[in-house]
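Comments concern the structure below.
Every number for a ligand or one of its atoms is a count from 1 in the order of the listing. We use all heavy atoms of the structure for the numbers below, so side chains are in, but hydrogens, waters and symmetry mates are not. Sequential numbering from 1 along the given sequence is applied to the chain's residues. Computed from a predicted model, the values in this text were never measured in an experiment.
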Amino acid sequence: MKHYVLIISAVAALGGFLFGFDTAVISGVNPFIREFFDLDEILLGWANSSLILGAILGTLVAGKPGDWLGRRRTLMLTALLFLISALGSALAGSFTEFVIYRMIGGVAVGAASVISPIYIAEVAPAGQRGRLVSLNQLTIVTGIFVSFFSNYLLEQLTQNNWRWMLGVEAIPALLFLLLLVTVPESPRWLIINGQVERARRVLSKWLSEAEVEEEIRDVQSAHSAAVTAGVTVLLKPGYRKLALLGVVLAVFQQFTGINVIMYYAPLIFERAGFGTGSALLQTAAIGVINCVFTILAMRFVDRLGRRPLLIVGAGSMAFFLFTLSLTFFAGRLDGYWVLLFIMGFIASFAASYGPVVWVLISEIFPNNIRGVAVSVATFALWSANFIVTATFPSMLARWDGGYTFLFYAAINVGSLFFVRAFIPETKGKSLEQLESELTA
Ligand code: BGC
């Protein structure tokens with residue numbers, strides 16, 4: 001019975017795989033489209049940022065269908081968008097077409113980052129929710145790794161290699177779409193939308209008869225009506241503070257500097273004396289570290305709880321960024337120390353803010369506003385991602401690595417204190433229990 005929940009969670013987590021693949025695939029495509037479409041710096045920047053802008057848009061549009069159509073149908077639409085984007089960008093005849101299809105992919109990325117965690121949180125038993133939602137982070141980092149690896153293999157093709165790099169994503173997208181046909185709608189969504197009989201059938205796949213009735217009663221008594229209101233519902237007194245917590249946490253996830261490191265790591269490695277030829281080795285190392293430490297987080301997130309992971313993670317990210325900044329100040333960017341600091345930072349993120357922020361965002365909001373609330377928090381996350389990645393080159397030019405990484409180290413210290421003061425522990429509690437505790 002528990003296996004069933006794991007399987008349907010894994011299907012939803014394919015949304016994370018496509019999220020990771022789609023965001024990372026562009027790095028291998030860049031050198032070839034630059035030549036093919038004859039792009040200058042600005043247009044090349046646009047080829048990259050169009051996906052993030054699409055994702056920002058995707059978070060905004062996903063919440064409503066998530067609440068109205070249901071989680072499953074929204075995920076299906078998302079899978080379809082991934083498919084269209086993969087094929088469209090691979091076959092693009094002009095740069096404009098390319099950008100449009102990348103943006104469509106971005107909308108899918110944004111929507112998947114809203115709905116996949118919600119779906120998993122809603123089907124998961126309370127004591128395993130952290131682990132199951134973290135599965136989505138594991139698939140994100142796997143998607144990143146697989147795209148790097150497939151880019152590496154496809155680069156050898158002499159013709160149209162960049163088209164293949166983008167086009168292969170159609171395979172997991174199609175698989176996602178087909179597998180979604182086999183998963184049930186979220187029972188919590190069914191109950192608050194008055195489809196109790198269907199919810200009963202779904203729940204009885206993994207709960208005993210008595211547990212099914214108890215779950216239905218809990219969800220019903222927590223909230224009898226589905227909310228049809230838009231975002232303004234988040235301004236209501238009971239919800240305002242929670243919405244703010246979700247938004248700030250999401251922004252802190254990006255201001256850890258993770259994507260700066262992911263993006264800049266190859267260049268730092270190069271400056272530290274690892275030749276460009278070692279790109280594959282670095283990619284593999286980052287991929288392995290990411291997966292191993294995410295799995296570690298999955299083991300501990302329901303046992304130790306969300307808060308300890310975040311607090312230790314923020315402290316350790318601050319430490320590694322600080323050491324990295326010192327190596328820049330000292331002008332001694334060489335060798336294995338730099339590798340160690342970067343890997344240490346990535347490991348710390350993978351074991352904490354990577355998975356845990358998604359877990360918390362998916363569980364702190366009441367059933368009836370979850371779609372719209374997660375959508376707003378995730379909107380903040382992608383907007384922060386955009387700001388961090390857009391400002392990084394000029395920060396580096398003006399401040400050099402020393403002050404830039406010191407800045408991010410300081411933000412992680414701030415984040416640590418924020419979590420200590422404001423983030424509630426949610427491990428082991430049902431969504432309905434959290435609802436009554438957190439909105440009180
Ligand atoms: C973050 C992404 C990041 C990824 C890989 C996710 O949790 O939201 O911005 O690229 O982890 O580490």
Side-chain angles (χ1 to χ4, degrees), residues 13 15-27 48-49 51-56 58-59 106 109-117 120 130 133-148 246-266 282-283 285-298 301 306 309-310 313-314 317 320-321 342-362 374-375 377-390 392 408 411-412 415:
F17 179 90
L18 288 154
F19 160 173
F21 191 102
D22 215 23
T23 48
V25 70
I26 194 76
S27 66
N48 288 263
S49 58
L51 177 106
I52 300 186
L53 286 181
I56 294 177
T59 60
V109 168
S113 65
V114 173
I115 308 292
S116 290
I120 302 175
V133 177
S134 299
L135 196 60
N136 198 54
Q137 176 71 13
L138 188 63
T139 55
I140 293 174
V141 294
T142 310
I144 294 175
F145 176 64
V146 170
S147 83
F148 283 150
V247 165
V248 176
L249 197 63
V251 170
F252 268 131
Q253 193 214 42
Q254 291 301 311
F255 273 88
T256 56
I258 181 62
N259 289 316
V260 156
I261 291 289
M262 296 284 272
Y263 163 76
Y264 195 59
Q282 294 155 19
T283 301
I286 293 178
V288 169
I289 291 277
N290 253 331
C291 288
V292 168
F293 281 84
T294 307
I295 292 171
L296 205 69
M298 289 170 73
V301 67
R306 291 41 164 162
L309 290 188
L310 288 181
M317 283 188 286
F320 285 115
L321 287 170
I342 290 189
M343 292 300 170
F345 172 81
I346 293 177
S348 313
F349 178 86
S352 62
Y353 279 63
V356 178
V357 167
W358 292 111
V359 171
L360 279 162
I361 289 178
S362 71
V374 174
S375 142
T378 311
F379 168 78
L381 188 143
W382 282 103
S383 307
N385 183 336
F386 185 76
I387 294 169
V388 168
T389 38
F392 183 67
Y408 281 106
I411 291 196
N412 278 289
S415 179

*Does Thr139 reach the main-chain N or O of Ala13 with its side chain, forming a donor-acceptor pair under 3.5 Å?*
yes

*With distance as the sole test, does Ser383 use its side chain to make a donor-acceptor pair with the main-chain N or O of Phe379 at under 3.5 Å?*
yes

*Taking the side chain as C-beta and beyond, is there a heavy-atom pair between Thr378 and Trp358 under 4.5 Å?*
yes

*Which protein heavy atom lies closest to atom 6 (C) of ligand 1, and at what distance to 0.1 Å?*
Gln137 OE1, 3.4 Å

*Please answer whether the main-chain N or O of Ser113 pairs with a side-chain N or O of Ser116 as donor and acceptor at a distance below 3.5 Å.*
no

*Judged by non-hydrogen atoms, does Tyr353 sit under 4.0 Å from ligand 1?*
no

*Considering only the protein, which heavy-atom contact is closest to atom 12 (O) of ligand 1, and what is its distance?*
Phe349 CE2, 3.5 Å

_Subset of ligand 1 atoms that lie under 4.0 Å from at least one heavy atom of Ile144_ = 5 (C)

*asked:* For ligand 1, which is the ligand I care about here, please tell me if Asn290 has any N or O atom under 3.5 Å from one of the ligand's N or O atoms.
replied: no

*Report the nearest protein non-hydrogen atom to atom 8 (O) of ligand 1: residue, atom name, distance rounded to 0.1 Å.*
Gln253 OE1, 2.9 Å

_Among all protein heavy atoms in this structure, tell me which lies nearest to atom 3 (C) of ligand 1, with the distance rounded to 0.1 Å._
Asn259 OD1, 3.5 Å

*Measure from the side-chain N and O atoms of Gln253 to the backbone N and O of Tyr353, and report whether any donor-acceptor pair falls under 3.5 Å.*
yes

*Applying the side-chain contact (heavy atoms from CB on, under 4.5 Å) test to Pro117, which of Val374, Leu135, Ile361, Asn136 qualifies?*
Asn136

